[in-house]
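Atoms considered below: every heavy atom in the structure, side chains included; atoms not considered: hydrogens, waters and symmetry mates. By convention in this document, chain letters (A, B, ...) are assigned in the order of the sequence lines, proteins followed by strands, and residues within each chain are numbered from 1.
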Amino acid sequence: MELYPEKRSALIPICHIAQAEHGWLTPEVIEGIAELLGLTPAEVRGTASFYEMLRTEPTGRYLVSICTNIACMLDGAYELLEHAEERLGIAVGETSSDGMFTLEESECLAGCDMAPCVQVNYRYVGKLDSAGFDSLVGELAAGERDADIPPHGVLIRTPRRAPRAVAGAPSGGGRSAGGEQAASSGAAGQVS
Amino acid sequence: MPEPGTGSGQAEGPAQRAHPGSDQGANSGPAQSAQPGSGQPSEQPRSPGSDTVSVTIDGRHVVARKGEMLIAAAERAGVFIPRFCYHPRMEPVGMCRMCLVEVKGPRGFSLQPSCYLAVSDGQEVVTTSPKVKKAQDGVLEFLLVNHPLDCPVCDKGGECPLQDQTLSYGPGESRFVEEKRHWAKPVPISDLVLLDRERCIQCARCTRFADEIAGDPLIDFFSRGDRIEVSIFEGKPFKSYFSANIVQICPVGALTAAPYRFRARPWDLDQVESTCTMCALGCRMVVQSSGDRVTRQLGMDTDPVNQSWLCDKGRFAYEALEHDTRLTAPLVRKDGELVETSWSEALAAAARGLEEARARGSASGVGFIGGARCTNEGAYAWSKLAKSVIGTDSVDAQVADGLPAEVLLGLPRATIDEACDADLLVLASGDLREELPVLFLRIRRAILDGRTRLIECSPYGTSLSPLAEVSLRPRPGAIVELMDAILADDRASDHGHAADASSGVAAGGAAGGGAGASGHLGAGGGAPASQIEAARRLISEVSSSEPHGRVVVVIGRSSLAEDGRILAEAARRLAQALPDARFLPALRRGNVMGALDMGMAPGVLPGRVSLDAGRAWYEAKWGKVPAKRGLDALGMLRSAAAGELDALVLVGADPLGDFPDAGLAKQAIDRASFLVAVDAFRTQGVECADVVLPVAAFQERSGTTTNIEGRVTRLAPKVTVPVLAWPDWMVAVELAGELGADLGMGSLDEVTAEIARVAATYERCTPEALAEPGSRDGIVVPNGPRDVLLPLDPIAVPGIESVERQGAPLRSGTASDIGGSDTDAGSGPPGSGVSRSEAVPGSDDTSASGAGLQAPPVLGVPAEPLDVHVPPTDAYSLRLVAPRRLYDSGVVMSRSPALSPLAEHLVARANPADLAHLGLASGDLVRLRSATGSLELEALPDPGVREGSVVVPFHSAAGEPGVRSLIDASVAVTEVRMETTS
């Protein structure tokens, strides 16, 4: 907080931190942020709801975004989308009842080379067919992809100033779930 | 259709004062001599004209104020640019794009939003080119893409800027065939306001108002793009005292107020300009009616007062007019029952009772309580009746909730504008948002805009606390000590180091620290020494600057559980220590300042003169004045309770409902042998009366009213009175006639004229002067009318011809002397020869002229300290603080269906430390016990409340005494014990 002489300027960074902790900005979280920054919950929600990546609706552990722009469409994005709806048992925009998956149809994700392009929590998973999607869902549900796909809301797992973890880069290296925990709790400590 | 013809009104700011007439669209101005187009401000001569620029709008040269928005400059020059989001009282956002005009830049003309573009010298603007027209077509077509076009069922239809401007500037047809977006509607966003998101055009007027003006940013835009909506956060309604202003400024029908929804169509409404009398601020407003029922009230853009805003209480109070407890006929008590009767019988009964009381005892056996609900004319008539016909001086318009009249009227008065522009504002009052809500808006804006700085002095945190540079929390009853602590060293520094202000401050600070350390722990009223030091530094910084900084003190009652004389004494000492300081009373009762000016207080006579000083003059005018000073409301009730005061006349006041000491009020009313109630509603006091005289209420009467700054404005009747109610002044005149006296006033205008004749401060307030168009904002006594007016925005105050300024002349013929007295530090009434600011304390009783021909001098700051004894603190007790809330259980509020549910339920607030001492948790039930009673209620911790005190709002559920059962009027400060209930 000391980084921001004007408390209000901390709003968006705090929303990200809160989202990393809670997955999405629940009403309680919004009220908490408002209290912290001396704003009203309406102001916080007004700002948060403007940004696509700050979610003010219930969002699962994995946000699956399927691109349906032209390149992906030609490579079967709509078929994939339909399959995904069927596989996850939810319609576009919904969250599965176990709170694991949220499905969204998205505009171009700048991954035309891997059409049909899919992102899970903004991490690229490209060139997916139905079978590939099923196995991805299986892996995610089983927690086998935790190493490269953190829960929704976590943008980076390494603390500030560390070499930037580029989305889509091969997993491994020094990054682990433990490191991510440390990052988010460190950030939380900074808030309070 | 919005009329562009409002442009001939005045503009605000020094620019226009420097160049009267230059804003009239004249094609030459002083600034014109500089080459147009040079655009170099540095080339401007350093003359008074250097704060103006010249722009060309549609080929016409226009002189505009520097920094002004193009749209405003154009409007003043008579060029109306269509707009939705622009509002002259709020920051521009450039949201709606309706005001696009072509402005010449380095690359030729381009479209720019005129509401977001400040004028600059040499600017060339075209507002009517095909390109502009195309842009307007496009914007309107776009705004209508999702607009439901349900005008036939929309409340805004007929006065809707969207409708009007679509007709005048729109394309006429839409190419849009797709489905419009749909929302659930209407959704309530507060108890009073409903939102229809389909009609919304996202102009952000409501959200800006909530944030910038009201300071309650509880509504905001959620989401974006085609899903954007105005919304509240779930479970957090737009609970604001000012919520309905957003309905007034909404340029479409998206926001509607529950009390007005589907009640009328705008073209059926008839309207008048009037003044709100719900509090003493005197907001100007438009009263609209349909079929002889008031249907709506709108704030008028009156620059010196409310600047187009109203609080919800003032806006919706009219609903009480139709309450079934309205008194419609005179009543007399027969065999213990109040029965309807004729006026002649009721007046005869009242006169008989008063005569008997006078015969039994003396003239002083009769007392009058109330008058603040009267018009000035009513107050004058009652005052004359009481003081000259009956001969009693026991008259009091304040029911122990104000300040002693002699002190209050003697303090040099500031206007609201002066308070907002003071170099230093000292707030010695309760929470202004609760007391005078629109004054809170004005002062909040002034502080946020950096026009003034604030020292706050209240026993609890207020809405302005976050904006205060220094917040002093005196112990209840200790404000005099606090002022002494602040002022003592200020004076010392003034004397010792007048030339070297900074060292003076330092020396003063050291001395103050010494005093604090040397055992005077009670000094400073219990406020921390660092805060006192900060306040002292601020005051001496301002008062030692050259030229003298202006200090304005807002004085009002922060608690009704403490004697008003304590605050009065503090104010008196402040006035003596800072002779240049001016005072703005934050009193609450509707026309209390008018009633006091009309002499409805013990020891004073109309025109702010003391009984002794005015005796000769009023003996000549009235024939008789009381021989000795009478009692105030507290004195009268005490005397009645003791069986000494025989007859009481309640002039629109109900001690049973709002006298702080409920026990005493009950005793007094029970013991009084004869009780007359003059009221519009059946109150508790009315139920006990022997004779009840019904009077007209707010929107039914004409007359004048005086606000806290001494601004006299006219009330206009809009609806007819219930069958047999009379105007208040007429009741007094007729009652006098029944008592065998002729008050010599046969019509309202005759009363107004007589006031102007006998009360020197009201000399200029003749019926003719008040009716002049230039007096639209009222006349400030004894100073002239403020000369700063803004042209009305036809959207801000929608489509009402009577509200638009009729191109009033900039100045009336008397402008020069008005301007003179404005800058003067408060001159006395003409002819008195005594300037208020010069009036040395006590001058009022030395310079009275015995000739009876010269008007008596007005009151000055009293020299004698007020005698008030504050007992030392008792370590086992808490001091009771009983502030008023805006939403209370008042007579009108509780009778307005929309407002009455809004009154909050009572809780006791205390410092967390005090609650912890008692082992109490938040929300625990506690029992408060005082010498006079006890009360059980919930306790909440509030760090804003100082230790050793407990805050309980003054209002209560209907018919219950609430905190009034605790307040003991026999002591200066009420102490209570707080106990657990189990």
Side-chain angles (χ1 to χ4, degrees), chain A residues 1 4-12 14-16 18-19 22 24-59 63 65 67-69 91-95 102-109, chain B residues 91 93 95 181 183 187-190 193 195 197 200 202-243 246 255 444 448 461 463-468 922 942-944:
Chain A
M1 286 292 290
Y4 301 95
E6 182 77 36
K7 265 174 147 186
R8 193 182 184 125
S9 311
L11 177 54
I12 290 176
I14 283 189
C15 284
H16 279 303
Q19 190 158 275
H22 298 273
W24 62 284
L25 301 173
T26 63
E28 296 73 35
V29 167
I30 289 181
E31 285 182 60
I33 294 174
E35 201 182 324
L36 200 61
L37 298 182
L39 301 172
T40 64
E43 289 175 295
V44 175
R45 183 157 184 182
T47 301
S49 63
F50 182 88
Y51 295 100
E52 205 70 26
M53 283 175 74
L54 295 174
R55 312 268 308 178
T56 53
E57 299 296 320
T59 304
L63 172 67
S65 322
C67 170
T68 54
N69 273 190
V92 166
E94 289 179 359
T95 300
T102 298
L103 184 61
E104 71 170 11
E105 180 182 349
S106 94
E107 301 303 328
C108 184
L109 297 169
Chain B
E91 292 294 314
V93 281
M95 232 35 203
R181 59 179 195 163
W183 294 102
V187 286
I189 58 169
S190 77
V193 180
L195 169 67
R197 289 166 291 181
C200 176
Q202 294 92 38
C203 69
R205 278 186 171 197
C206 54
T207 53
R208 276 181 292 156
F209 172 83
D211 185 19
E212 287 174 26
I213 308 291
D216 300 312
L218 295 165
I219 46 176
D220 208 336
F221 281 121
F222 284 8
S223 199
R224 66 180 157 138
D226 65 338
R227 286 163 305 162
I228 195 166
E229 57 168 321
V230 170
S231 179
I232 51 169
F233 187 77
E234 51 264 45
K236 294 263 190 293
F238 182 41
K239 204 172 157 202
S240 168
Y241 287 153
F242 311 100
S243 68
I246 65 173
L255 293 163
R444 175 178 181 274
L448 287 174
S463 319
L464 286 170
S465 299
L467 302 176
S922 175
D942 182 348

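B:Tyr241 pairs by the ring-ring contact (aromatic ring centres under 6.0 Å, His included) definition with B:Tyr887, not counting sequence neighbours. A search for ring-ring contact (aromatic ring centres under 6.0 Å, His included) contacts involving B:Phe209 returns B:Trp309, not counting sequence neighbours.
Both the backbone and the side chain of B:Leu218 come within contact range of chain A, each with at least one heavy atom under 4.5 Å from a heavy atom of that chain. Of the two parts of B:Phe221, only the backbone, made up of N, CA, C and O, holds a non-hydrogen atom closer than 4.5 Å to a non-hydrogen atom of chain A.
The heavy-atom pair separating A:Ala42 from B:Pro217 by the smallest distance is CB-O, 4.0 Å.
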Dump the table of donor-acceptor contacts under 3.5 Å between chain B and chain A, or return none if there are none.
residue, atom, partner, partner atom, Å
B:Pro217, O, A:Thr40, OG1, 2.5
B:Ser223, N, A:Ser49, OG, 2.6
B:Arg224, NE, A:Phe50, O, 2.5
B:Arg224, NH2, A:Glu52, OE1, 3.2
B:Glu234, OE1, A:Arg45, NH1, 2.8
B:Glu234, OE2, A:Arg45, NH1, 3.4
B:Lys236, NZ, A:Glu31, OE1, 3.2

